[in-house]
Amino acid sequence: QVQLVESGGGLVQAGGSLRLSCAASGRTFSDYNMCWFRQAPGKEREFLGAISWNAITYYADSVKGRFTISRDNAKNTVYLQMNSLKPDDTAVYYCAADGSAFSTKANQYAYWGQGTQVTVSS
């Protein structure tokens, strides 16, 4: 089992930045592929990006160049740096983990955090 806890969400003005954190516990963090999704009200969960156990990253086109995923295996934490935020980025942001999947599909990930709200005002 892997437990994930997101933090760092909040209210930010358009054009601003936020850094989300996802702290993991329970199993060997460095063995897991990690990813970030978000879900806005009335919309499906949207893949944002992923980072493999060996730090290979992959991003959705919608956030490429604005969002950056990184991981610190010593701290069992994965980060999502979000820049140039837009009101359309308003959503609950989730991190997820899996020992084998490195996918854009939410149903491929076994472990999820509870989410953190990000609100971008215009």
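Not measured: the values here are computed from a predicted model.
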Please report the closest heavy-atom contact between [X] and [Y], naming both atoms and the distance.
X      : Y      : value
Gly115 : Glu6   : N-OE1, 2.8 Å
Leu85  : Leu18  : CD1-N, 3.9 Å
Met34  : Cys22  : CE-SG, 4.3 Å
Asp98  : Ala110 : OD1-N, 3.1 Å
Gly49  : Ile69  : C-CD1, 3.1 Å
Asp72  : Phe29  : O-CE2, 4.0 Å

### Message
Once rounded to the nearest 0.5 Å, what's the spacing between atom OG of Ser30 and atom CG of Asn76?
### Response
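One gets 8.0 Å once the value is rounded to the nearest 0.5 Å.
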### Task
Enter the distance from Arg19:CZ to Ser7:OG here, rounded to the nearest 0.5 Å.
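If I round to the nearest 0.5 Å, the distance is 9.0 Å.
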Is [Y] close to [X] at the side-chain level, that is, under 4.5 Å between some pair of heavy atoms?
X     : Y      : answer
Met82 : Leu20  : yes
Leu11 : Gln117 : no
Lys75 : Ser21  : no
Gln39 : Tyr94  : yes
Arg38 : Asp89  : yes

### Task
Begin from the C-alpha positions of Trp53 and Asp31 and carry the test side-chain contact (heavy atoms from CB on, under 4.5 Å) through to its verdict.
CA-CA 5 Å; Trp53 63 272; Asp31 289 344; 5.8 Å; no
### Task
Report yes or no: is the cationic atom of Arg66 (NZ for Lys, CZ for Arg) closer than 6.0 Å to the six-membered ring centre of Tyr59, at no more than 45° off its axis?
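Geometry flag: not set, cation outside 6.0 Å or 45°.
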### Task
Report the C-alpha separation of Val63 and Trp36 in whole Å, then their side-chain angles, then the decisive distance to 0.1 Å, and conclude whether the side-chain contact (heavy atoms from CB on, under 4.5 Å) test is met.
CA-CA 11 Å; Val63 302; Trp36 287 93; over 6 Å; no
If hydrophobic clusters are built from ILVMFWY residues whose side chains come within less than 4.5 Å, do [X] and [Y] share one?
X     : Y     : result
Phe67 : Val12 : yes
Leu4  : Leu80 : yes
Tyr79 : Tyr58 : no

### Task
Assign the ring pair Tyr111 / Tyr32 to parallel, tilted or perpendicular, where the plane angle (0 to 90°) is split at 30° and 60°.
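Ring orientation, 0 to 90° scale: perpendicular.
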### Query
According to the interplanar angle, ranging from 0 to 90°, do the rings of Phe37 and Phe47 count as parallel (below 30°), tilted (30 to 60°) or perpendicular (above 60°)?
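Perpendicular: the ring planes of Phe37 and Phe47 meet at over 60°.
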### Message
Hydrogens and angles aside, do Asn33 and Ser52 bring a side-chain donor and acceptor to less than 3.5 Å of each other?
### Response
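Side-chain D/A pair, Asn33 to Ser52: absent.
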### Task
Using the test disulfide (SG to SG under 2.5 Å), find all partners of Cys35 that sit at least two apart in sequence or belong to another chain.
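Here no residue qualifies.
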### Task
Applying side chain to side chain donor-acceptor pair (under 3.5 Å), name anything that partners Ser103, two or more places apart in sequence or on another chain.
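Partners of Ser103 by the side chain to side chain donor-acceptor pair (under 3.5 Å) criterion come out as none, since no residue qualifies.
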### Message
Using only atom types and a distance under 3.5 Å, with no angle test, would you say the side chain of Thr90 pairs donor to acceptor with the backbone of Val120?
### Response
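Judged by distance alone, yes, a pair lies under 3.5 Å.
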